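Report on one structure; see the data block that follows.
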Number of protein chains: 2
Amino acid sequence: MENLSTTEENYIKTIYHLQQTDTTVSTNDVAAKLNTKAASVTDMLKRLNTKQVLNYEKYKGFSLSNQGEKVALDIVRKHRLWEYFLVEKLAFGWDEVHAIAEELEHITSKVLIERLDNFLGNPKFDPHGDPIPDSNGKMQTQPQINLVDMPIGETASVSAVGSQSTELLELLTHKNIAIGTQITIKKKFSFDHSMEIETPANSSFTISRELALALFVTIKTPSLL
Amino acid sequence: MENLSTTEENYIKTIYHLQQTDTTVSTNDVAAKLNTKAASVTDMLKRLNTKQVLNYEKYKGFSLSNQGEKVALDIVRKHRLWEYFLVEKLAFGWDEVHAIAEELEHITSKVLIERLDNFLGNPKFDPHGDPIPDSNGKMQTQPQINLVDMPIGETASVSAVGSQSTELLELLTHKNIAIGTQITIKKKFSFDHSMEIETPANSSFTISRELALALFVTIKTPSLL
DNA sequence: TAAATATTTTAGGCAAATCTAAATTATTTA
DNA sequence: TAAATAATTTAGATTTGCCTAAAATATTTA
């Protein structure tokens, strides 16, 4: 099943991402993500079902087949490798690359993506800290926790961000926090759920609950990025 | 006029290339190049005419407008920069990059292509020796002549190839000829139009008329590639 | 559990890009 | 120049992807 249109690929990718967070994925969820209507989604579900990438029973629900998951992982791989390329080689900001990678991820050549992977040094995580699947769809799972869930006194390194917005990047840049930065929790304030933290570059300072929620850390060795 | 589909872009590019060599371009020429039918071409000509990229009068003929030429040069620029990237950074062969660049040339981001250009060191010629237009559509013109037209005794350097086939690359590799190689014409044989040439790497050897026809040289300073 | 509400699907249509077959216009050639 | 041939265009279908409005099914809630 190698004859998928860009549109079909986008549906598959969207369903994949929704399946990661939600237990059930609805027609409306997909429509919302793709800026389209539920009726259009139903049309596509029928097509993807005949193409074997989806298990679909009408009125009952749907999910990606094994085939479909492979397709999705391949697109995710391409997306994240291109994002890495854009940030590391072309000096784009972390917040600028998503839209471009949405286009690049549909370039079909298999050998291209393998060479790109080598050229980049086989990175395991993209600029946002998300894992890059290998050519078999396997990816490294870092045991990540949200910064708000870290106990006081513990030290961990930032491994991913929960948003790709320019606003978040601006704030992180100003506070000297990036993927890989070591953070120690000094204090938590229950009044507004703000917390005091420490980093190698700065002495103690306070961050908001909103910011803490947008940061994911791992207690293990620093990111292989 | 920035809302062009990939298909529309491909028509524009095809018409551009045909206009470079042929004085008049026919519906059938375009159909042949795009593996489609004359009727489909007519449909598209009408669309491109309303989109102002084409001057078209039915049954009379058509040619790109100034607008259309700009669009074409932008696509050519992207195509050739990506080819340069694939060969120089990802170690692809010269003969493998065309199909991939056909896809990459439709990526829309303007800033992407400017950064790619800088990353590559603003190359002026692609791996086949074809000039890369700058962001204004200007390109360096090397006074190129076909190898068969060079006088005996003259020395020049290979600046472009007339085909992108694997077969040609194989032959050139075997004979140690690449873009930039200095060639001196020693003798021409009128029987079969073969010619004896000399390069820095090899002493005199003979090449066929077919090969000579596929090589373009410039008497000026070596390519800025 | 029956009625109200929400979700999903069908029916019928539209635009892009393509096709084949037929009609129209241009060009060649006898 | 008139007839034959070639090129181009139109007419009418097809497929993909999308839409709105209405019908069918599921889920909530009274």
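Chain A is the first sequence line, chain B the second, and so forth, proteins listed ahead of strands; every chain is numbered from 1. Not measured: the values here are computed from a predicted model. Side chains are part of it too, since the values below use all heavy atoms of this structure and drop only hydrogens, waters and symmetry mates.
Cation-pi geometry between B:K124 and B:Y84 is not met at under 6.0 angstrom from the ring centre and within 45 degrees of the axis.
Across the protein-nucleic acid pair, A:L34 atom CG and D:dC19 atom P stand 10 Å apart, rounded to whole Å. In this structure, the CE atom of B:M44 is 10 Å from the P atom of C:dA16, given to the nearest Å. In this structure, A:K37 atom NZ and C:dC14 atom C1' are separated by 15 Å, rounded to whole Å. Per the geometry, CG belonging to B:N49 stands 11 Å off P belonging to D:dT9, to the nearest Å. Taking atom CG on B:L45 and atom P on C:dA16, their separation rounds to 16 Å, with Å as the unit.
Among residues two or more places apart in sequence or in another chain, the salt bridge (Lys or Arg N to Asp or Glu O under 4.0 Å) test is passed with B:D130 by none. Take A:N35 and apply the side-chain hydrogen bond (donor to acceptor under 3.5 Å, both in side chains) test, not counting sequence neighbours, and it matches no residue. Scored by the ring pair (Phe, Tyr, Trp, His ring centres under 6.0 Å) test, B:F62 finds no partners at all (sequence neighbours excluded). The salt bridge (Lys or Arg N to Asp or Glu O under 4.0 Å) check on A:E114 picks up A:R77, with sequence neighbours excluded. Judged as a ring pair (Phe, Tyr, Trp, His ring centres under 6.0 Å), and not counting sequence neighbours, A:H106 has no contacts. Taking A:H98 as the reference, A:H79 meet the ring pair (Phe, Tyr, Trp, His ring centres under 6.0 Å) condition, with sequence neighbours excluded.
Every pair tested for salt bridge (charged side-chain N to carboxylate O under 4.0 Å, His left out) that includes a residue from residues 55-68 of chain B fails, sequence neighbours excluded, so the list is empty. Listed by first and then second residue, the salt bridge (charged side-chain N to carboxylate O under 4.0 Å, His left out) pairs involving residues 93-102 of chain A are A:K13-A:E102 (not counting sequence neighbours).
Using a 4.0 Å cut-off on heavy atoms, none of the residues of residues 5-21 of chain B approach DNA chain D.
Taking every side-chain heavy atom of B:Y56 into account, D:dT9 is the closest of C:dC19, D:dT9, C:dT10. Distance from the side chain of B:T36 is smallest for C:dC19 among the nucleotides D:dT8, C:dT8, C:dC19.
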All N/O donor-acceptor pairs, side-chain side in residues 26-34 of chain A, below 3.5 Å, sequence neighbours left out:
unit_1: A:S26; atom_1: OG; unit_2: A:N28; atom_2: N; d: 3.3
unit_1: A:S26; atom_1: OG; unit_2: A:D29; atom_2: N; d: 3.0
unit_1: A:S26; atom_1: OG; unit_2: A:D29; atom_2: OD1; d: 3.2
unit_1: A:S26; atom_1: OG; unit_2: A:D29; atom_2: OD2; d: 3.3
unit_1: A:D29; atom_1: OD2; unit_2: A:S26; atom_2: N; d: 3.1

Enumerate all atom pairs, one protein N or O and one N or O from nucleotides 11-15 of chain D, separated by less than 3.5 Å.
none

All N/O pairs under 3.5 Å across the protein-nucleotides 22-27 of chain C interface:
unit_1: C:dT24; atom_1: O2; unit_2: B:Y59; atom_2: OH; d: 3.2

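Ring geometry, B:W82 versus A:F85: the interplanar angle falls from 30° to 60°, so the pair is classed tilted.
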